[in-house]
Amino acid sequence: MPSSSKAAPSALAPIHIAAFREKLMAWYRLNARELPWRGIHDPYRTWVSEIMLQQTRVAAVIEHYHDFLSRFPSVTALAAAPESEVLAAWSGLGYYRRARMMHKAAQVIAEELQGALPESSTELRKLPGIGEYTCAAIASISFGESIAVVDGNVERVLLRVTGRPEEATAAGRDFVRQQAAALVPPRWVRGGTNAAGDHNQAMMELGATICLPRGPLCLQCPVFALCRTRGEHPTPPRSKQRSLPAAYLLSLRTRGKQTEVLMEQRPAHASLMAGMYELPPLPMDVVKELEPLLRLRHSITNTNYLVAVFAEADPKSYALRKAIPTRIEMLHWTPTGKLGELPLTGLARKVLRRLKVMGASARRKAEI
DNA sequence: GATCCGTGGTC
DNA sequence: TGACCAAGGAT
């Protein structure tokens, strides 16, 4: 334990830096997960993976990564696509601003940079959606630049290893940045080995698989011997969640051979999921006596929605449809086969799949 | 610097 | 069930 008020020597001693790197890399070579964006040599794909991975779990990214790339195989293809298609491919990943900004950045790259990503962190940083972490990640992984990444994993690893108490201050962040910078190896790229890029990925991998937020697996940790805390690292409490009921209408009709479903577009100026499509929301008082087709939970940031989906009890009645409070211009009958092309909210996508209105592979069918 | 932006798995 | 979390960025 670092204890005491006497300037605990929290920075890693220089002698330990080489040892840390070597132990980390030896571990990484044996234990790196095989991920779709590992071992590729395509800056565009690395960029896509890094944007998708922002605040998003690996499993969720894997579900979208291949589909996104088959729809938009290159920067120029992405730049040429309508925004709604980009959002449709992003549906379910959340933080839709990421998709909008990446789309804009692709247009800048296509129009001003001859379709090639900038190769330095400084130039990458100028693109929309690419911040301090992402520019360093792409520059090191794709181009071998010796620059440290600091994400949530790296921060946790370094605070634990050095024993510095967590402080949400500029000084605390500076400390972590300096430690990370001291650890990145110099540029060295030869035949499939990229010292800085591999080191950065190894740091994140250690945080993601060993130095876990709770219950770190210290006995499996390659740098256990160098660690000051052995996993002690209290984290500040978060704001607490609330639960709210929500109701939606599932309304289907037949036109010729097609089944259509009534969808509602969210306002273009909404702060949340602007312009995306969902099932029409119903006022709670309209449905309070009714039995839903489906109940499920859906959490958005700090709110846990207790969702119920209703259909007309009598198919010839329009009682629920008439109860939709939204302006009619925002409502659209959509053939079920085209749902995959629509920028659906994650909740709408989840409900439509659960009720088999939309197949899990509807997107692929729509492509053909 | 604080706040906002989504989701779904896990326990 | 509620709490917690995951490779941040923009404003």
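Bear in mind that the values here come from a model prediction, so they are computed numbers and not experimental data. Just so we're on the same page: letters track the sequence lines, and every chain starts at 1.
Cation-pi geometry between A:Arg45 and A:Trp47 is not met at under 6.0 angstrom from the ring centre and within 45 degrees of the axis. Cation-pi check for A:Arg230 over A:Phe224 is met; the charged atom lies under 6.0 angstrom from the ring centroid and within 45 degrees of its normal.
For A:Ala59 and A:Ala170, each mapped to the nucleotide of DNA chain B holding its nearest heavy atom, the one lying further toward the 5' end belongs to A:Ala170. Each of A:Arg38 and A:Met101 was assigned the nucleotide of DNA chain C with the nearest heavy atom; the assignment lying further toward the 5' end belongs to A:Arg38.
A close approach under 4.0 Å does not occur between any side-chain nitrogen or oxygen of A:Gln55 and OP1 or OP2 of C:dA6. For the pair A:Lys350 and B:dT7, the criterion of a side-chain N or O lying under 4.0 Å from OP1 or OP2 is not met. In this structure, A:Tyr95 does not reach the B:dC4 phosphate: none of its side-chain N or O atoms is under 4.0 Å from OP1 or OP2. Here A:Ser271 reaches the OP1 or OP2 of B:dC5: one of its side-chain N or O atoms lies under 4.0 Å away. Between A:His298 and the phosphate of B:dG6, there is no side-chain N or O to OP1/OP2 separation shorter than 4.0 Å. An OP1 or OP2 oxygen of C:dG9 is reached within less than 4.0 angstrom by a side-chain nitrogen or oxygen of A:Thr134.
Taking only distance into account, the side chain of A:Arg57 meets the base of C:dC5 through a donor-acceptor pair shorter than 3.5 Å. On a pure distance criterion of 3.5 Å, a polar donor-acceptor pair joins the side chain of A:Ser299 and the base of B:dG8. Side-chain to base pairing of A:Arg173 with B:dG1: no donor and acceptor N or O lie closer than 3.5 Å to each other. Under 3.5 Å, the side chain of A:Ser243 and the base of C:dG2 form no donor-acceptor pair of N or O atoms.
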Exercise for the section: Evaluate side-chain hydrogen bond (donor to acceptor under 3.5 Å, both in side chains) for A:Thr345 paired with A:Glu278, printing each intermediate quantity in order. Expected result: CA-CA 6 Å; A:Thr345 66; A:Glu278 60 187 348; 4.6 Å; no
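Between A:Glu83 and the choices A:Arg100, A:His103, A:Lys104, the side chain to side chain donor-acceptor pair (under 3.5 Å) rule is met once, by A:Arg100.
Candidate nucleotides B:dT7, C:dG8, C:dC4 were compared by shortest atom distance to the side chain of A:Met273, and B:dT7 ranks first. Considering only the side chain of A:Asn304, C:dG2 comes nearest among C:dG2, B:dT7, B:dC5. With distances taken from any side-chain atom of A:Arg297 to the nucleotides C:dG2, C:dG8, C:dA6, the minimum falls on C:dG2.
Nearest heavy-atom pair across A:Phe310 and A:Leu290 is CE2-O, 3.6 Å. Among all heavy-atom pairs drawn from A:Val286 and A:Ala323, the shortest one is CG1-CB, 3.8 Å.
The distance between atom CG of A:Leu93 and atom P of B:dT7, rounded to the nearest whole Å, is 10 Å. Regarding A:Ile51, its CD1 atom lies at a distance of 7 Å from the P atom of C:dG9, rounded to whole Å. Spacing between atom CE of A:Met52 and atom C1' of B:dG8 amounts to 16 Å, rounded to whole angstrom units. Atom pair A:Met102:CE and C:dG8:P shows a separation of 15 Å (rounding to whole Å applied). Protein atom CG of A:Leu53 is 8 Å distant from nucleotide atom P of C:dG8, rounded to whole Å. Protein atom CZ of A:Arg156 is 13 Å distant from nucleotide atom C1' of C:dC4, rounded to whole Å. Residue A:Arg33 contributes atom CZ, which lies 11 Å from atom P of C:dA6 at whole-angstrom precision. Spacing between atom CZ of A:Arg295 and atom P of C:dT1 amounts to 11 Å, rounded to whole angstrom units.
Contacts of A:Glu132 with the nucleic acid, taken as non-hydrogen atoms under 4.0 Å apart, involve only primed sugar atoms and P, OP1 or OP2. Contact annotation for A:Leu35: base contact, defined as any heavy-atom pair under 4.0 Å involving a base atom.
With P as the reference atom, B:dG8 and C:dG9 are 23 Å apart, rounded to whole Å.
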